[in-house]
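Please read the structure below before turning to the comments.
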Amino acid sequence: MAIGRLSMKVGGKGKACAHSNYIERQGKYAHRLETGERLVATGSGNMPEWAQSSSQFWKAADEHERANGTTYREMEIALPRELDDKQKEKLVREWVKQEIGQKHAYTWAIHSPKASDGGEQPHVHLMFSERVMDGHERGPEQFFKRYNSKTPEKGGAKKANTGKHPLERKEELKDLRHRWEVMCNRHLRAAECRERVSLKPNNEIRQGEPEPKMLPSEWQRGTGKADIIAFREARKEQVEARHDVRLSVRPTEHMEAELIHLAYRKQADQRQAQAAAAAARQAEADRRAAEERQALIAKLPAMEKAVIAEIEDETNRRLDTDFEYQALWKEREQHEKARQEAEANADKAERDEAATAQEAQDLAKKHTIQTRLHRSGFKTFMPLAEAEQFRDDCKTYKEAERTRQTSLAEKVQQIDRKLKEIRQRILDKARKELDDLYKKLTSIREAMKVVKEAHMAQGKAQKKASQEDQAVRKRGRGR
C-alpha cells in the first residue's frame with residue numbers, strides 16, 4: 001500500500017509570503033534544491049488582476065489582512081512513489097481543479113526530497129486563500145477587508161470558512177480525505193499499479209499498530225532510527241504477504257473493490273491474449289495463403305507450357321488413331337507419288353521433244369541435201385514425214401503428262417484441305433479444353449481474393465472489438 005497522508009494547516013498574518021517562497025523554493029529557500037531535493041512542478045491560479053505574481057498576492061495578504069485573521073489554508077498531501085513526475089503533476093492539477101476550481105486564489109508546488117529509506121518522499125503543498133472570488137473588482141486593500149453582506153462590492157471578499165462549527169470542519173476534512181483517496185487510487189489504476197492509498201485509521205484497515213512518533217532528538221540518537229526503519233520493512237513485508245494471499249481468503253468490504261478490479265483486469269488480459277492469439281493465427285493463415293498464391297502464379301507459365309505440350313501430344317495421338325485421317329494421308333501419299341512420276345515423265349517428254357526438234361532440224365538440213373541428191377539420182381536414208389510425225393507424238397505425250405500432273409496436284413490440294421480441316425477441328429477442341437483450364441484458374445483466383453477480403457474484414461472487426469474492449473476497460477478504471 002502506498003503512503004496516504006493529507007493534513008490541513010492554517011497561516012496567520014505575516015506568514016503567507018514567506019510560506020509561498022518556501023513551497024516555490026524562491027529567495028532564501030532556493031538553496032534547498034542544491035542539497036538533492038527536487039522541485040517537480042509548481043503553479044498558481046485565480047489571482048486578481050492587480051496581482052502580477054503569486055508573491056505579490058500573498059504579500060498583500062500579509063499587509064492588509066486583519067491582525068487576528070488567517071491569510072491562507074494549506075493542504076499538505078503525500079504523493080505515491082509509484083507515479084512518475086508527469087503522473088504526479090496530472091494528479092495534482094486534477095485535484096486543484098476539483099477542490100479549488102475558480103473559487104480561491106491558490107499556489108501549489110510538488111517537492112521530492114530524500115526519505116530515510118534512500119528513496120524519494122514526494123508530496124505537494126497546496127496553499128489557498130479562504131476569500132472567495134465573487135466577480136467583484138477590488139483593489140488589494142479592499143480585497144482583504146471585512147465582508148459586507150448588504151453591499152458586497154463595498155466590502156472585502158467573503159471568507160468561505162466563516163461561522164463553521166468545529167465538528168462541521170472535522171466532517172468536511174474526512175470527506176476531503178475520502179475524495180483524495182478515491183482520486184489517487186483512480187490514477188494508480190490508470191498507471192497500472194497494484195498499490196492503493198488508504199486514509200482510513202489503522203484499526204479499520206487492519207494494518208497493525210501505527211508507527212511510533214519520535215522527536216528529532218530521539219531520531220538522531222541511539223537506535224531509534226534503525227528501529228523505525230526495521231519496523232517499516234517488517235510492515236512492508238506483511239502488506240506484500242497479505243496481498244499475495246488476498247485472493248485465497250474471504251474478502252472483506254474494503255477488499256471487495258480491489259478484487260473486482262483484479263478480476264476485471266484478469267478478464268481483460270485474457271481477452272487481449274485471445275485477441276493477440278487470433279490475430280497471430282490470422283496473420284499466419286494470410287501468410288500461407290499469400291505463399292500459395294505466389295507459388296500458383298509462379299507455376300502458371302510452366303502449367304501453360306505443359307498444357308500446350310499436352311494438347312500437341314493429344315493432337316498427334318488422335319491423328320495417329322483417326323482412320324479417316326490415316327486413309328486420306330495414304331491417298332495423299334499415293335497421289336503425291338503419282339504426281340511426281342507424272343512430273344518426271346513430263347520432263348522426260350520435254351527432253352525427248354527437244355531432242356526430236358533438234359533431230360527434225362537436222363533432218364531438214366539433211367532433207368535439202370537428200371532432195372538434191374535425189375534429184376541427182378541418189379536414195380535418201382529417212383523421210384522427213386516420219387521425223388515430223390515422231391515429233392508430234394512426243395508433243396502429244398507431253399501434253400497428256402502435263403494434264404495428268406495437274407489433275408494429281410488438284411487432288412493433293414483437296415486432300416491437304418481435308419487434312420487441314422481435321423487438324424483445325426482437333427486444335428479447336430484442344431483450345432476449348434485450354435480455355436476451360438484458364439476459366440478454372442480464374443475462378444480459383446477469384447475465390448482466393450474473396451477469402452482474403454473476408455479475412456481482412458474479420459481482422460477489422462476483431463480490431464474494432466479490441467478497441468471497444470479497451471474503451472470499456474478504461475471506463476471501468478475511471479469508475
Side-chain angles (χ1 to χ4, degrees), residues 2-11 15-34 36-62 65 70-113 120-135 140 143-144 157 159-161 176-177 179-188 190-191 197:
I3 296 176
R5 180 174 64 86
L6 188 154
S7 61
M8 185 71 76
K9 301 178 181 180
V10 295
K15 297 182 178 179
C17 185
H19 193 70
S20 172
N21 292 334
Y22 167 76
I23 67 172
E24 293 183 302
R25 295 300 188 255
Q26 296 178 359
K28 65 179 181 178
Y29 303 103
H31 71 280
R32 288 177 173 264
L33 300 178
E34 301 175 0
E37 181 179 341
R38 293 192 306 118
L39 180 62
V40 177
T42 183
S44 299
N46 298 337
M47 296 294 173
E49 293 184 358
W50 50 265
Q52 301 298 323
S53 64
S54 59
S55 298
Q56 185 178 358
F57 176 82
W58 299 116
K59 185 177 181 180
D62 289 336
E65 187 65 54
T70 57
T71 52
Y72 68 91
R73 283 185 176 269
E74 180 190 17
M75 301 181 200
E76 187 173 345
I77 311 173
L79 300 175
R81 291 180 178 178
E82 291 75 15
L83 301 179
D84 58 26
D85 291 347
K86 291 184 178 180
Q87 292 169 340
K88 294 187 187 78
E89 182 178 354
K90 182 178 179 181
L91 171 59
V92 171
R93 290 186 181 277
E94 185 176 350
W95 176 252
V96 172
K97 182 178 180 181
Q98 173 181 300
E99 299 300 327
I100 303 299
Q102 303 294 327
K103 297 182 295 183
H104 307 281
Y106 65 86
T107 299
W108 60 267
I110 300 176
H111 298 168
S112 185
E120 291 188 337
Q121 187 181 356
H123 59 277
V124 60
H125 295 270
L126 172 57
M127 58 181 299
F128 61 95
S129 174
E130 293 181 315
R131 296 189 178 271
V132 179
M133 308 295 292
D134 54 6
F143 186 86
F144 296 100
K159 285 194 173 184
N161 291 324
L176 183 69
R177 289 181 175 180
R179 292 196 297 271
W180 170 255
E181 178 182 341
V182 172
M183 180 178 291
C184 186
N185 288 334
R186 186 172 71 247
H187 280 257
L188 286 170
V197 169

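- Classification of Arg177 and Glu181 as a salt-bridged pair fails, no side-chain N sitting under 4.0 Å from a carboxylate O.
- Phe143 has its side chain within reach of Met133: a pair of non-hydrogen atoms, C-beta onward, lies under 4.5 Å apart.
- For Ala191 against Gln87, the heavy-atom pair with the smallest separation is CB-NE2, 3.7 Å.
- Looking at Glu99 and Leu126, their side chains never come closer than 4.5 Å, going by heavy atoms from C-beta outward.
- The main-chain N or O of Phe144 is found under 3.5 Å from a side-chain atom of Arg131 such that the two form a donor-acceptor pair.
- Between Lys15 and Glu65 no salt bridge is recorded (no basic side-chain N to carboxylate O distance below 4.0 Å).
- Formation of a donor-acceptor pair under 3.5 Å by the Asn46 side chain with backbone atoms of Tyr106 is not found in this model.
- Counting heavy atoms from C-beta on, the side chains of Met47 and Ser53 never come closer than 4.5 Å.
- The aromatic rings of His104 and Phe128 are tilted relative to each other, their planes meeting at an angle between 30° and 60°.
- Looking only at side-chain heavy atoms (C-beta outward), Lys90 and Lys86 stay at 4.5 Å or farther from each other.
- In this structure, the side chains of Ser129 and Trp58 come closer than 4.5 Å at one or more pairs of heavy atoms.
- A donor-acceptor contact shorter than 3.5 Å links the side chain of Thr42 to the backbone of Trp108.
- Side-chain atoms of Thr107 and Glu24 form no donor-acceptor pair, as typed in the model, at a separation below 3.5 Å.
- The two residues Thr71 and Ala16 make their nearest non-hydrogen contact at OG1-CB, 3.5 Å.
- Ring geometry, His111 versus His125: the interplanar angle falls from 30° to 60°, so the pair is classed tilted.
- A distance-only check finds no donor-acceptor pair linking the side chain of Asn21 to the backbone of Gly27 [under 3.5 Å].
- The closest side-chain heavy-atom distance from Trp95 to Met75 is below 4.5 Å.
- Side-chain contact between Pro122 and Val40: absent, with no pair of heavy atoms (C-beta onward) separated by less than 4.5 Å.
- Counting heavy atoms of neighbouring residues, nucleotides and ligands inside a 6.0 Å radius, atom NZ of Lys59 does not exceed 12 of them.
- Distance check: Glu120 CD to Asp85 CG gives 7.0 Å after rounding to the nearest 0.5 Å.
- Annotation: side chain of Trp50 is in contact with side chain of Phe57 (closest heavy-atom distance under 4.5 Å).
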Inset, instruction - Could you check Arg32 against Leu39 for side chain to side chain contact (heavy atoms under 4.5 Å, CB included), going step by step and ending with a plain yes or no? - result: CA-CA 9 Å; Arg32 288 177 173 264; Leu39 180 62; over 6 Å; no
Legend entry - Pair Glu74-Lys9, salt bridge (charged side-chain N to carboxylate O under 4.0 Å, His left out): steps then yes or no: CA-CA 5 Å; Glu74 180 190 17; Lys9 301 178 181 180; 5.0 Å; no
